[in-house]
Peer 1: 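Before I ask anything, let me first share the structure, which is written out below as C-alpha cells.
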Amino acid sequence: MKNLKSLLKISEKIKFLLNFEQRFQDIMVMQGQSLSLQNAKRAPFESLCHAEFKVFSQSGEDGILQYLVRESKISPDEKIFVEFGVEDYSEANTKFLLVNNFWRGLIIDGSKRNINKVKKSDLYWKTDLKAIDAWVDRERINQLIGDSGFSGKIGILSIDIDGNDYWVWESIRIVDPVIVVVEWNSVFGPKHSISVPYASDFSRLSAHYSGLYWGASIKAFEILGRKKGYKLVGSNQLGNNLFFVKQSRLGRLLSVNAKDAYVVSHFRDSRNEKGKLNYLSGEARYKEIADLPMIDVNTNLITSMRQLDQ
C-alpha cells in the first residue's frame with residue numbers, strides 16, 4: 001500500500017513538472033510573439049543583430065528568421081522548412097516557426113535516439129512535422145528530402161552538420177528555398193574561401209581532436225550563395241550561423257559582404273589531445289589547425305590557412 005502511494009505521488013510530481021514545462025514554453029512563445037511585433041514596427045534594420053531574440057533557437061536565430069520571413073514576403077505556399085543537424089529538436093532554428101507560425105517541415109538527424117525522442121513528444125502529433133533519422137551527405141541529401149515528400153519552393157533551408165555543410169548545400173537541388181541558414185566556422189577567418197575537404201563520413205572530433213576543424217569559411221559560403229542566386233545578409237552575434245536570402249526577394253533587406261559580416265565566434269568548445277575541453281579562443285584556435293588541409297573553393301586546390309597567410 002505504501003509503495004502504491006509513493007508511486008501515485010511520483011506520478012503527480014511528474015505530471016506537475018510536465019504541465020509546468022508546457023506553461024513555461026507557452027510563456028516563451030508569447031514573449032517571442034511580442035518581440036516579433038516590436039521588430040516589425042522597428043524594421044528595417046541595418047544589422048541582423050537588432051532583430052535577434054531566442055525562444056527555441058541556440059541564440060538569436062528565432063528573431064532573425066521572423067524578421068527575414070516578413071521582409072522577404074514568404075507566401076502561404078512557401079511556409080515550409082527543411083532543417084538537418086537538429087539533434088533532439090529541443091533547440092533549433094525552425095521550431096518557433098513550427099509552433100508559432102504553423103509551418104510544415106522536415107527535420108533530419110543522424111541519431112535514431114534523437115529522432116525517436118521527437119516522435120514521442122506531443123509536438124509531433126500537434127504539428128505538421130516529419131522527422132527522419134539518416135546520415136546526411138551530398139550523395140544522398142536530395143533523395144532523403146524527396147523521399148520524405150518535400151520538393152520545389154520552400155521558405156527556409158537550415159544546415160548544421162558540423163562538417164560537410166558547404167558541400168551539402170552545393171549539392172542540394174530538390175528544394176528551392178527563399179532563405180538559407182548555414183553554420184560556418186569563424187576560426188577560418190574572413191579572408192579565405194576555404195572548406196574542409198569533403199568526406200562522406202566526416203566527423204568533427206574524428207577529423208581532429210580539437211573539434212575546431214570542420215565546415216567552411218564565411219567567404220566560401222558568400223561565393224557559393226552568389227552562385228546559387230543568394231545574397232548574404234549577415235551572421236548572428238554568436239558567430240556560428242549565416243543567413244542568405246534569394247536575391248530576387250531582398251526587398252528592404254541589406255546585403256553585406258563577408259568582411260563586414262564577419263563575427264569572431266564567442267564559444268570555446270575546443271578540446272585537447274585527451275578529449276578534454278581546453279577553452280581555446282582567439283589566435284590560439286587558429287594556431288591549433290593552421291596547418292591542416294583545406295580546399296580553396298575557388299581553385300579546388302588543397303592548401304592550408306598558414307599557406308594562404310604567407
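Treat the numbers as computed from the prediction; the structure is a model and nothing was measured.
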Peer 1: Are V196 and V136 connected in a single hydrophobic cluster, I mean Ile/Leu/Val/Met/Phe/Trp/Tyr linked by side-chain heavy atoms less than 4.5 Å apart?
Peer 2: no
Peer 1: Any side-chain donor paired with an acceptor under 3.5 Å for D291 and S304?
Peer 2: no
Peer 1: Of all heavy-atom pairs between R268 and S281, which one has the smallest distance, and what is that distance?
Peer 2: CD-CB, 3.7 Å
Peer 1: For residues S90 and D88, is any side-chain donor paired with an opposing acceptor at under 3.5 Å?
Peer 2: yes
Peer 1: Below 4.0 angstrom, N of the basic side chain to O of the carboxylate: do K153 and D176 qualify?
Peer 2: no
Peer 1: Give the C-alpha distance, both sets of side-chain angles, the deciding distance and a yes or no for side chain to side chain contact (heavy atoms under 4.5 Å, CB included) between S210 and E288.
Peer 2: CA-CA 8 Å; S210 68; E288 190 74 15; 3.8 Å; yes
Peer 1: Do D109 and N114 pair up side chain to side chain, a donor and an acceptor below 3.5 Å, judged on atom types alone?
Peer 2: yes
Peer 1: Given side chains that start at C-beta, do those of I156 and V178 come closer than 4.5 Å, heavy atoms only?
Peer 2: no
Peer 1: I need the minimum non-hydrogen distance between D160 and D165, along with the two atoms involved.
Peer 2: CA-OD2, 3.6 Å
Peer 1: Is it true that V181 and F244 fall in one hydrophobic cluster, defined by side-chain heavy atoms closer than 4.5 Å?
Peer 2: no
Peer 1: NZ of K119: more than 12 outside heavy atoms within 6.0 angstrom?
Peer 2: yes
Peer 1: Within this structure, what is the CG-CZ distance for the pair L292 and R306, rounded to the nearest 0.5 Å?
Peer 2: 10.0 Å
Peer 1: Which heavy atom in P44 sits nearest to a heavy atom in R252, and how many Å separate them?
Peer 2: CD-NH1, 3.3 Å
Peer 1: Given side chains that start at C-beta, do those of F243 and S158 come closer than 4.5 Å, heavy atoms only?
Peer 2: no
Peer 1: Say whether D137 and S200, considering side chains only, have a donor N or O and an acceptor N or O under 3.5 Å apart.
Peer 2: no
Peer 1: Would you mind reporting whether L301 and I295 have side-chain heavy atoms less than 4.5 Å apart?
Peer 2: no
Peer 1: Closest heavy-atom contact between R138 and S171?
Peer 2: CB-OG, 3.2 Å
Peer 1: Side chains of R113 and N116: any donor to acceptor distance under 3.5 Å?
Peer 2: no
Peer 1: Does a donor on one side chain and an acceptor on the other come within less than 3.5 Å for R285 and S186?
Peer 2: no
Peer 1: Determine, step by step, whether K228 and L224 satisfy the side chain to side chain contact (heavy atoms under 4.5 Å, CB included) criterion, reporting the C-alpha distance in whole Å, the side-chain angles of both residues, the deciding distance to 0.1 Å, and the verdict.
Peer 2: CA-CA 6 Å; K228 284 178 163 281; L224 178 58; 4.1 Å; yes
Peer 1: Is the closest side-chain heavy-atom distance between K276 and R271 below 4.5 Å?
Peer 2: no
Peer 1: Take atom CD in E170; do more than 12 heavy atoms of anything else shown fall under 6.0 Å from it?
Peer 2: yes
Peer 1: More than 12 heavy atoms of other residues, nucleotides or ligands under 6.0 Å from NZ of K117: yes or no?
Peer 2: no
Peer 1: Should F81 and L157 count as side-chain neighbours, where that means a heavy-atom distance under 4.5 Å?
Peer 2: no
Peer 1: Specify whether Y166 and F221 have parallel, tilted or perpendicular ring planes, treating 30° as the upper limit for parallel and 60° as the lower limit for perpendicular.
Peer 2: tilted
Peer 1: Going by atom types only, do E52 and N236 share a side-chain donor-acceptor pair under 3.5 Å?
Peer 2: no
Peer 1: Give a yes-or-no answer on whether the side chains of N240 and S265 include a donor-acceptor pair shorter than 3.5 Å.
Peer 2: no
Peer 1: Using a 6.0 Å cut-off, check whether atom CD of E139 has over 12 heavy atoms from anything other than its own residue.
Peer 2: yes
Peer 1: Can you tell me if K54 uses its side chain to pair, donor with acceptor, with the backbone of S57 under 3.5 Å?
Peer 2: yes
Peer 1: Does CD belonging to Q143 count more than 12 external heavy atoms closer than 6.0 Å?
Peer 2: no
Peer 1: Between F188 and L232, is there a shared hydrophobic cluster once you connect ILVMFWY residues whose side-chain heavy atoms come closer than 4.5 Å?
Peer 2: no
Peer 1: Is a side-chain donor-acceptor pair under 3.5 Å present for T94 with E83?
Peer 2: yes
Peer 1: What I want to check is whether the side chains of N278 and S270 have a donor and an acceptor closer together than 3.5 Å.
Peer 2: yes
Peer 1: Side-chain donor-acceptor pair under 3.5 Å between N241 and E61, yes or no?
Peer 2: yes
Peer 1: Would you find more than 12 non-hydrogen atoms of other residues, nucleotides or ligands less than 6.0 Å from I302 atom CD1?
Peer 2: no
Peer 1: Can you name the nearest heavy-atom pair linking N164 to A199, along with the distance?
Peer 2: ND2-O, 2.7 Å
Peer 1: Hey, could you give me the CG/OH distance between D269 and Y279, rounded to the nearest 0.5 Å?
Peer 2: 10.5 Å
Peer 1: Walk me through whether K41 and Q38 qualify under side chain to side chain contact (heavy atoms under 4.5 Å, CB included).
Peer 2: CA-CA 5 Å; K41 294 176 181 178; Q38 290 177 40; 5.9 Å; no
Peer 1: According to a 4.5 Å side-chain heavy-atom criterion applied to Ile, Leu, Val, Met, Phe, Trp and Tyr, with indirect links allowed, do V175 and I159 form part of one hydrophobic cluster?
Peer 2: yes
Peer 1: Quick one: hydrophobic cluster around Y209, which other residues, with the 4.5 Å side-chain cut-off, linked directly or via members?
Peer 2: none
Peer 1: When Ile, Leu, Val, Met, Phe, Trp and Tyr are grouped by side-chain heavy atoms lying under 4.5 Å apart, directly or through other members, which residues fall in the same group as F267?
Peer 2: L238
Peer 1: Less than 6.0 Å separating the ring centroids of Y262 and W184?
Peer 2: yes
Peer 1: Determine the minimum heavy-atom distance between N93 and D62, stating which atoms define it.
Peer 2: O-OD1, 3.9 Å
Peer 1: Can you tell me how far apart CD (Q247) and NZ (K231) are? Round to the nearest 0.5 Å.
Peer 2: 5.0 Å
Peer 1: Output yes when a side-chain donor or acceptor of T127 lies under 3.5 Å from a complementary backbone atom of L123, and no otherwise.
Peer 2: yes
Peer 1: Would F84 and W135 count as a close aromatic pair, with their ring centres under 6.0 Å?
Peer 2: no
Peer 1: Could you tell me whether the side chains of T303 and D296 share a donor-acceptor contact shorter than 3.5 Å?
Peer 2: no
Peer 1: If we only count heavy atoms from C-beta on, is the L308 to I194 side-chain gap below 4.5 Å?
Peer 2: yes
Peer 1: Between D162 and R204, does any NZ, NE, NH1 or NH2 come within less than 4.0 Å of an OD or OE carboxylate oxygen?
Peer 2: yes
Peer 1: Nearest 0.5 Å, please: how far is CG in L65 from CD1 in I74?
Peer 2: 10.0 Å
Peer 1: In this structure, would I174 and W169 fall into the same cluster of hydrophobic residues linked by side-chain contacts under 4.5 Å?
Peer 2: yes
Peer 1: Parallel, tilted or perpendicular: which one describes the rings of F56 and F96, with boundaries at 30° and 60°?
Peer 2: tilted
Peer 1: Decide yes or no for L106 and I132: does some side-chain heavy atom of the first lie under 4.5 Å from some side-chain heavy atom of the second?
Peer 2: yes
Peer 1: State whether K259 and E222 are salt-bridged, where the test is any N-O pair (Lys NZ or Arg NE/NH1/NH2 against Asp/Glu carboxylate O) under 4.0 Å.
Peer 2: no
Peer 1: Under a 4.0 Å threshold between the charged nitrogen and the carboxylate oxygen, would K191 count as salt-bridged to D309?
Peer 2: yes
Peer 1: Can a donor-acceptor pair be found between the side chains of Q66 and N101 at a distance below 3.5 Å?
Peer 2: yes
Peer 1: Do any N or O atoms from the side chain of D133 and from the backbone of I108 form a donor-acceptor pair under 3.5 angstrom?
Peer 2: no
Peer 1: I'd like to check W103 versus V69 (side-chain heavy atoms, cut-off strictly below 4.5 Å). Are they in contact?
Peer 2: yes
Peer 1: Go through the steps for V180 and V245 under the test side chain to side chain contact (heavy atoms under 4.5 Å, CB included), then give the verdict.
Peer 2: CA-CA 6 Å; V180 177; V245 175; over 6 Å; no
